[in-house]
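Okay, structure first, notes after.
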Amino acid sequence: MLDTGLKVLSEIKTNLFNSIIYVKEFVFLYLLIILIIYFLVGFNSLFLSLLILFTITSLIFLNIVGRKRKSELDQIKNIIGKIRGNQFQNSEQIIMSRNLKNLQEEIKLMFEKTKNDIEYLKKLERIRTEFLANVSHELRTPIFAIQGYLETLLNGALNDDTVNKYFIDKAQQHTLHLSTLLNDLIDISMIESGEMRLSYRYFVVNEFISPLVLEFQKVAREKGIDLIFSPARSGLQLFGDKNRLRQVLVNLIQNAIKYTEKGEVEILVIEEQKHGRIIVRDTGIGISENDIDRIFERFYRVDKARSKEAGGTGLGLAIVKHLIEAHGSKIEVKSEPGKGSEFSFRLKK
Ligand SMILES: Nc1ncnc2c1ncn2[C@@H]1O[C@H](COP(=O)(O)OP(=O)(O)OP(=O)(O)O)[C@@H](O)[C@H]1O
Ligand SMILES: [Mg+2]
């Protein structure tokens, strides 16, 4: 009995304590009403009775308000505790009482955002691990090959004129591949860490592309492919970093030649209202719909054997994408397996 009494008292104390934030409003209203009663009935026994009655009602009222506030605070504490303890799988599980609906929505949004942030960080971590594994794998292949050729040469092949040159050639091919790979990796890491500074200038687009096309004429001819340049109106100037754009075009033209067996590779510049669009189009093997979304990933190659044979690292398009995005533009692809591919991007004029 005494126990229950003490418990009720302590609960009332907590409730009153919780309602303390309304104390100023309460005292103001309390005094005002007392004053009104005083003016109405004067100072007499009726006033005293009304004063006691009003004080008791007020305390009951405060107790109710405090209890409600405590229950709301408990609900919020409970939800936050559960979020901290990872007890919710999705935001729909966060349910609060009706008068806390606004807060419930805010907490749900915060929960979703934190969940997405964590998933994004986990994804980044996964990508980083995958990237490291890929880099190690890509480095290991040429290093092992070079090691193998050198060992064979040292073990006697050096004096065998029928094979020595072949092995040295092979070892050299692998060192070239290694250095391309390292340069690509350095480029990627510089772009991603923001260290690569681009210097934008206006340049005459036809004068920029013609020598590049000439450079690739020989390789194309050797493969029996026509390399065609369809220039824009003479004097058309576009805005960008010429060195980086050369890297982009070299990659795209190399790919177009590499993945085309017969037909032609065409480089076009089309003038639009505020932009110039540079297009590299081929009549090659094309890319399937499933692969199109992935070709810009680092190290992604549709046909690993074929790309490697041609000395590819699978970093080319990843670099292209980064560089074009650094120009505030987007690289676009259209492709049909067996028919050919078209890579294009716009530059401001
Ligand atoms: N014009 C194209 N036609 C068909 N497939 C293409 C074309 N361009 C790219 N691809 C596909 O996309 C993949 C990724 O291209 P990317 O340029 O990144 O790598 P790569 O050419 O294999 O090697 P790298 O460019 O690093 O030497 C290629 O392996 C190839 O499968
Ligand atoms: Mg490439």
Side-chain angles (χ1 to χ4, degrees), residues 127 130-131 133-142 145 173-192 196 209 212-213 215-216 219-220 223-229 244-268 277-326 330-345:
I127 291 175
E130 255 173 43
F131 181 63
N134 277 327
V135 169
S136 330
H137 177 79
E138 295 294 328
L139 286 175
R140 199 175 52 188
T141 319
Q173 268 174 33
H174 282 287
T175 56
L176 284 178
H177 176 71
L178 207 54
S179 94
T180 317
L181 176 65
L182 284 177
N183 282 332
D184 282 355
L185 283 172
I186 291 168
D187 276 351
I188 289 237
S189 83
M190 274 178 60
I191 300 168
E192 290 188 353
M196 186 178 275
I209 296 182
L212 258 175
V213 175
E215 232 177 83
F216 283 98
V219 198
K223 262 194 104 174
I225 295 167
D226 291 327
L227 184 59
I228 306 160
F229 176 39
R244 296 303 163 194
L245 289 172
R246 179 171 302 110
Q247 200 174 350
V248 166
L249 279 173
V250 165
N251 258 300
L252 294 180
I253 299 173
Q254 260 174 356
N255 278 351
I257 296 176
K258 191 152 69 170
Y259 302 106
T260 302
E261 292 310 333
K262 61 177 194 312
E264 59 184 42
V265 169
E266 189 182 6
I267 296 120
L268 307 87
R277 183 180 284 278
I278 301 182
I279 305 172
V280 179
R281 189 185 282 161
D282 66 58
T283 55
I285 57 171
I287 308 159
S288 75
E289 218 171 297
N290 284 342
D291 290 312
I292 278 200
D293 294 334
R294 304 205 55 195
I295 52 173
F296 294 101
E297 285 174 23
R298 299 177 292 198
F299 294 114
Y300 190 78
R301 285 165 290 206
V302 177
D303 180 347
K304 284 213 157 47
R306 183 194 184 114
S307 159
K308 266 202 168 151
E309 212 176 280
T313 61
L315 290 173
L317 285 181
I319 296 175
V320 165
K321 182 167 183 263
H322 272 310
L323 291 177
I324 293 301
E325 281 174 2
K330 213 175 99 196
I331 177 99
E332 288 171 42
V333 203
K334 286 186 216 153
S335 188
E336 214 178 309
K339 293 230 163 107
S341 313
E342 180 183 300
F343 289 77
S344 71
F345 57 93

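Order of appearance sets the numbers: ligands from 1, and atoms from 1 within every ligand. Because only heavy atoms are used, hydrogens play no part in the values below, and waters and symmetry mates are left out as well, while side chains stay in.
- Residues Val248 and Ile278 fail the side-chain proximity criterion, which asks for heavy atoms closer than 4.5 Å.
- The N/O atoms of Ile287, backbone and side chain alike, include none that comes under 3.5 Å of an N/O atom in ligand 1.
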Verdict with reasoning, Glu192 to Arg298, per salt bridge (charged side-chain N to carboxylate O under 4.0 Å, His left out):
CA-CA 12 Å; Glu192 290 188 353; Arg298 299 177 292 198; 3.0 Å; yes
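- Assignment of Gly284 to the shell around ligand 1 is not supported, since no heavy atom sits closer than 4.0 Å.
- Side chains of Phe131 and Leu185 form a contact here, defined as non-hydrogen atoms less than 4.5 Å apart.
- Rounded to the nearest 0.5 angstrom, Leu252 CG and Ile324 CD1 are separated by 7.5 Å.
- Side-chain contact check for Leu245 versus Leu323: every heavy-atom pair is 4.5 Å or farther apart.
- The shortest N/O to N/O separation between Ile285 and ligand 1 does not fall below 3.5 Å.
- Side chains of Phe343 and Ile279 form no contact here, defined as non-hydrogen atoms less than 4.5 Å apart.
- The side-chain heavy atoms of Glu138 and Val135, taken from C-beta on, include no pair separated by under 4.5 Å.
- Those atoms of ligand 1 that come under 4.0 Å of a heavy atom in Gly286, given as number and element, are 4 (C).
- Each of the following atoms of ligand 1 lies closer than 4.0 Å to a heavy atom of Lys258: 20 (P), 21 (O), 23 (O), 27 (O).
- At a cut-off of 2.8 Å, Asn255 coordinates the Mg ion (ligand 2) through an N, O or S atom.
- Contacts with ligand 1 closer than 4.0 Å are made by heavy atoms of both the backbone and the side chain of Val302.
- For a threshold of 3.5 Å applied to N or O pairs, the pair formed by Arg301 and ligand 1 contains no separation below that value.
- Counting the atoms of ligand 1 from 1 in the order shown, those under 4.0 Å from a heavy atom of Asn251 are 25 (O).
- Counting only heavy atoms from C-beta outward, the side chains of Arg244 and Met196 approach each other to under 4.5 Å.
- In this structure, the separation between CG on Leu227 and CD on Glu266 is 9.5 Å, given to the nearest 0.5 Å.
- Among Tyr259, Phe296, Phe299, the residue whose heavy atom lies nearest to atom 6 (C) of ligand 1 is Tyr259.
- Under 4.0 angstrom from ligand 1, the non-hydrogen atoms of Asp282 all belong to its side chain.
- The Tyr300 neighbourhood of ligand 1 comprises atoms 13 (C), 14 (C), with distances under 4.0 Å to a heavy atom of that residue.
- In this structure, Phe343 is part of the shell of residues with a heavy atom less than 4.0 angstrom from ligand 1.
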